[in-house]
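To start, the structure itself, in structure tokens.
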Amino acid sequence: MDQFVGQGRLEWWANHSTCLEMYDIDITVAVVAVGQWRATGRHANALDATQREGWDFLMEMDPHFSIAFPGEDRGGIIRRVVETQRQAVVSTLTR
């Protein structure tokens with residue numbers, strides 16, 4: 001697989017048992033080098049004012065989210081998320 005385009009979910013976990021928030025995203029994951037992946041995405045649905053406030057708070061507190069792909073109950077890959085022009089950019093994934 002050189003690329004995955006689809007939906008995923010960003011999850012922000014306070015600890016191993018408490019997920020504070022989940023955000024559906026449209027995501028593209030592509031191979032950038034052997035063993036390295038780059039993921040970019042955007043919110044699948046526009047955030048309302050309350051969701052935007054929560055997102056901004058979590059990004060300011062700690063911009064590391066767990067990524068869950070289709071078929072996964074819980075995300076297992078934790079990555080730093082950077083937002084540019086309302087687009088979430090996930091740091092390079094190494095597998």
Side-chain angles (χ1 to χ4, degrees):
M1 174 181 91
D2 292 336
Q3 182 171 300
F4 168 81
V5 177
Q7 287 212 322
R9 186 175 63 247
L10 292 176
E11 303 170 341
W12 201 95
W13 290 85
N15 55 45
H16 292 296
S17 61
T18 307
C19 181
L20 291 183
E21 192 60 82
M22 291 184 252
Y23 299 94
D24 291 328
I25 57 170
D26 295 322
I27 189 168
T28 300
V29 182
V31 174
V32 293
V34 174
Q36 290 190 342
W37 304 70
R38 176 97 176 144
T40 58
R42 64 178 49 246
H43 294 286
N45 304 301
L47 301 179
D48 65 26
T50 303
Q51 291 169 319
R52 170 51 59 186
E53 185 178 345
W55 171 264
D56 290 342
F57 173 77
L58 294 174
M59 288 291 290
E60 190 173 316
M61 199 156 99
D62 183 0
H64 290 83
F65 288 77
S66 180
I67 303 170
F69 291 99
E72 294 181 334
D73 292 333
R74 182 175 176 168
I77 301 171
I78 298 174
R79 283 290 168 248
R80 185 172 195 273
V81 175
V82 177
E83 187 176 34
T84 59
Q85 298 178 7
R86 303 288 190 222
Q87 178 170 339
V89 179
V90 180
S91 63
T92 303
L93 306 173
T94 304
R95 283 245 190 183

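Numbers here are sequence positions counted from 1. Hydrogens, waters and symmetry mates are skipped; everything else that's a heavy atom, side chains included, is used.
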Using side-chain contact (heavy atoms from CB on, under 4.5 Å) as the criterion, list what pairs up with Asp73, not counting sequence neighbours.
-> none
Show me the side-chain donor-acceptor pairs of residues 16-33 shorter than 3.5 Å, one per line, residues at least two apart or across chains.
unit_1	atom_1	unit_2	atom_2	d
Ser17	OG	Asn15	OD1	3.2
Thr18	OG1	Asn15	OD1	3.2
Tyr23	OH	Trp55	N	3.1
Asp26	OD1	Gln7	NE2	2.9

Asp62 side, atom CG; Arg80 side, atom CZ - distance, nearest 0.5 Å | 9.0 Å
Rounded to the nearest 0.5 Å, how far does CD1 of Ile67 lie from CD of Glu72?
-> 9.5 Å
Give a yes or no on whether Trp13 and Leu58 share a hydrophobic cluster (residues Ile, Leu, Val, Met, Phe, Trp, Tyr; joining criterion: side-chain heavy atoms under 4.5 Å apart).
-> no
Can you check whether Asp48's main-chain N or O pairs, donor with acceptor, with Gln51's side chain at less than 3.5 Å?
-> yes
Any cation-pi pair here, Arg79 with Trp37, using under 6.0 Å and within 45°?
-> no
So do Phe65 and Met59 actually touch side chain to side chain, heavy atoms under 4.5 Å?
-> yes
Locate the shortest heavy-atom distance separating Gly76 from Ser66; write the atom from each residue and the value.
-> N-OG, 3.5 Å
Sequence neighbours excluded, every pair satisfying salt bridge (charged side-chain N to carboxylate O under 4.0 Å, His left out) that has a member inside residues 4-13 = Arg9-Glu11
